[in-house]
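One structure is given here, and the rest of the page talks about it.
Proteins get letters first, then strands, A, B, ... in listed order; numbering begins at 1 in each. As the structure is a computational prediction, the values presented were derived from the model and not from experiment.
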Amino acid sequence: MALLTNSPRGTQDVLGDESYKWRYVESRLAEVCERFGYREARVPTFEHTELFTRGVGDTTDVVGKEMYTMIDKGGRSITLRPEGTSGVARAFLQNGILSGALPARAYYIMSCFRYEKPQAGRLREFHQLGIELFGADSPDTDCEVIRVANTIITELGIRNVRLEINSIGCPECRARYRKALMAFFENHKSELCGTCLERFERNPMRILDCKSPGCQAIAAAAPLMLDYLCGDCREHFSQVGMLLKTAGIAYEINPRIVRGLDYYTRTVFEFIHDAAGAQGTVCGGGRYDGLVELLGGSSVPAVGFGMGIERLLSVLDAEGVPIPEPEPPALFIAYLGDKGKAIARSLSFELVGAGVRALYDLCGRSLKAQLKYADKTGARMLLVIGDDEVECGEGRLKDMRDGTETPVSLDCVRLTAALSKLLG
RNA sequence: GUGGGUAUAGCUCAGCUGGUUAGAGUGCCAGGUUGUGGCCCUGGAGGUCGUGGGUUCGAACCCCAUUAUCCACCCCA
């Protein structure tokens, strides 16, 4: 406990007993995305701060109080990315992708940073898969993006997830709705909780998903965004719903979903799992038709989502979904004496070079200690090289599971052949 | 930012209403066989009881502060 320091608050070490799960999940995610025609984008971990204040919106909590922002040695304000969409949108714009063939699709698996108080399913450095689709505003587009998320979730073997969707309209219908909402809550101001009084000024839509019973009772009678959608937005939303049905994707409309990032328009959605603590949103996303223009481009509609890797893993764990474990070493070579050691070493080098997962003892410990260690590594086969083996150039491959032994000559090619025969 | 729980060995935890050398299990190292792991037996290393104050003759235990961690709110992936 006299450590110099621990990992920073809200960060996690992912070591050998966990990292294979990450590898597995990430490779499955990438495979699905690529099957849908998305290609990987790798963008900087930090960006100029204004990208986020503009893109995400400086009235949001994410920008207002959760960003890791610092001045670099050149006097520039830079920020560790709190989300992925703005960076990818910036990259597509800067590199002329949005002036090329559209729609353009991208996916990414990245770490993001938010200065929040950690709890279950919430870290300061967290990881997410994101996909973005630029340059199409049809309802089919929204449906495709939701299908990608749905495919990932079902193909990973997750069962108990529900999809909730809503439309928060375009800026025009949202402005009308906001007005109606404020008029409604104006009459109930005295009954609202403290935070909702603040929300009343900043973002009255947030009152709708307040958890306090008093506010919920009031909000139950509040006007709904869906009733204030303009004709185009309403048509778009109903088309999305129909397409989801056609695609066989079950969903429910939750008129109280709002999103915390300013750039969202029209369709918003969440995939929610109940077993993973209070932070049950495994995936959240929606349409953001205004973002590219905000960043200085022409008007390019877009849709995307973010999916939390840590939350995904905890859901997989909660549902008991099996994840394939990594292959153990095929062979451990133990030895006695200096000559034995020399052979163990050169044999091990040759075997690894030939593609065999082979280890040998590095510590010069007793044979018993070497075998104990071999056992702990999970090695399938054991080879002991002592004076006898050195002399006759033959040894015995011992199966660590059942103890059976097979004679082999101490030769890389024959050993490799014997191992592949014994291990299948 | 707000609220609640927790903090003793690498890990999981005991430790009585404060009482003198702080324990167990597990893991690690070694021995029991200078050529065979797992099981068993024996021994060893490893702790300023999160940190700093206070109360007391005496604090792992009580009080205060602080930090970390877990959970919830807020917000979001």
Subject >> Non-hydrogen atoms of Cys173(A) and Met225(A) that approach each other most closely >> reply: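 Looking at all heavy atoms of both residues, the closest pair is O-CE, 3.8 Å.
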
**OP:** Mind listing the closest non-hydrogen atom pair of Gly84(A) and Glu132(A) along with its distance?
**Re:**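 What the structure gives for the nearest pair is C-OE2, 4.5 Å.
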
Distance check, [atom1] atoms only: [N] and [M], in whole angstrom units.
{"N": "U26(B)", "M": "U33(B)", "atom1": "C1'", "result": "26 Å"}
{"N": "G50(B)", "M": "U6(B)", "atom1": "P", "result": "13 Å"}
{"N": "G25(B)", "M": "C39(B)", "atom1": "P", "result": "16 Å"}
{"N": "C49(B)", "M": "U42(B)", "atom1": "P", "result": "30 Å"}
{"N": "C70(B)", "M": "A30(B)", "atom1": "P", "result": "35 Å"}
{"N": "A24(B)", "M": "G47(B)", "atom1": "P", "result": "15 Å"}
{"N": "G5(B)", "M": "C63(B)", "atom1": "P", "result": "12 Å"}
{"N": "C75(B)", "M": "G18(B)", "atom1": "P", "result": "44 Å"}

**OP:** Assert yes or no for the condition that the ring centre distance of Tyr107(A) to Tyr38(A) is strictly below 6.0 Å.
**Re:**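 No, ring centres 6.0 Å or more apart.
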
**OP:** Answer with yes or no after comparing the ring centroid distance for Phe92(A) and Phe134(A) against a 6.0 Å cut-off, counting only values under it.
**Re:** yes

Does [N] have a Watson-Crick or wobble mate here (both distances under 3.5 Å), and if so which one?
{"N": "U51(B)", "result": "A65(B)"}
{"N": "U2(B)", "result": "A72(B)"}
{"N": "U42(B)", "result": "A30(B)"}
{"N": "G58(B)", "result": "none"}
{"N": "U21(B)", "result": "none"}

Original post:
Going by modelled atom types, is there a donor-acceptor pair between the base of C71(B) and the side chain of Arg122(A) at under 3.5 Å?
Top reply: no

What's [X] touching, base or sugar-phosphate or nothing? Going by heavy atoms closer than 4.0 Å.
{"X": "Asp387(A)", "value": "base"}
{"X": "Cys112(A)", "value": "nothing"}
{"X": "Lys65(A)", "value": "nothing"}
{"X": "Gln119(A)", "value": "base"}
{"X": "Gly285(A)", "value": "nothing"}
{"X": "Arg365(A)", "value": "sugar-phosphate"}
{"X": "Gly386(A)", "value": "base"}
{"X": "Ile309(A)", "value": "nothing"}
{"X": "Ala334(A)", "value": "nothing"}
{"X": "Leu382(A)", "value": "base"}
{"X": "Glu116(A)", "value": "base"}
{"X": "Glu389(A)", "value": "base"}

Subject >> Phe113(A) six-ring face occupied by Arg81(A) cation (under 6.0 Å, within 45°) >> reply: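 Arg81(A) over Phe113(A) ring: no.
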
Original post:
Under a 4.0 Å N-O cut-off, is there an ion pair linking Arg174(A) with Glu172(A)?
Top reply: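 Not counted as a salt bridge, because no side-chain N and carboxylate O are separated by less than 4.0 Å.
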
Subject >> C28(B) OP1/OP2 closer than 4.0 Å to side-chain N/O of Lys376(A) >> reply: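 For C28(B), OP1 or OP2 has a side-chain N or O of Lys376(A) closer than 4.0 Å.
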
Subject >> Any Arg9(A) side-chain N or O less than 4.0 Å from OP1/OP2 of U69(B) >> reply: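 Indeed, a polar side-chain atom of Arg9(A) lies that close.
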
Original post:
Glu327(A) and Tyr20(A): side-chain hydrogen bond (donor to acceptor under 3.5 Å, both in side chains), yes or no, with the steps?
Top reply: CA-CA 10 Å; Glu327(A) 282 288 306; Tyr20(A) 71 92; over 6 Å; no

Nearest of [options] to any side-chain atom of [X]?
{"X": "Glu405(A)", "options": "U36(B), C71(B), U2(B)", "value": "U36(B)"}
{"X": "Gln128(A)", "options": "A77(B), G37(B), G35(B)", "value": "A77(B)"}
{"X": "Lys368(A)", "options": "G32(B), G35(B), A77(B)", "value": "G32(B)"}
{"X": "Lys372(A)", "options": "G37(B), A72(B), C74(B)", "value": "G37(B)"}
{"X": "Pro118(A)", "options": "G35(B), C70(B), U36(B)", "value": "C70(B)"}
{"X": "Ala369(A)", "options": "A30(B), C74(B), G38(B)", "value": "A30(B)"}

**OP:** Tell me whether Phe126(A) is stacked on the nucleobase of A77(B), counting only the six-membered base ring and applying the 5.5 Å and 30° thresholds.
**Re:** yes

Subject >> Side-chain heavy-atom pair Leu371(A), Met400(A) within 4.5 angstrom cut-off >> reply: no

[N] [atom2] sits how many Å from [X] [atom1], rounded?
{"X": "Phe113(A)", "N": "C75(B)", "atom1": "CZ", "atom2": "P", "result": "24 Å"}
{"X": "Arg124(A)", "N": "A77(B)", "atom1": "CZ", "atom2": "P", "result": "18 Å"}
{"X": "Leu129(A)", "N": "A77(B)", "atom1": "CG", "atom2": "P", "result": "13 Å"}

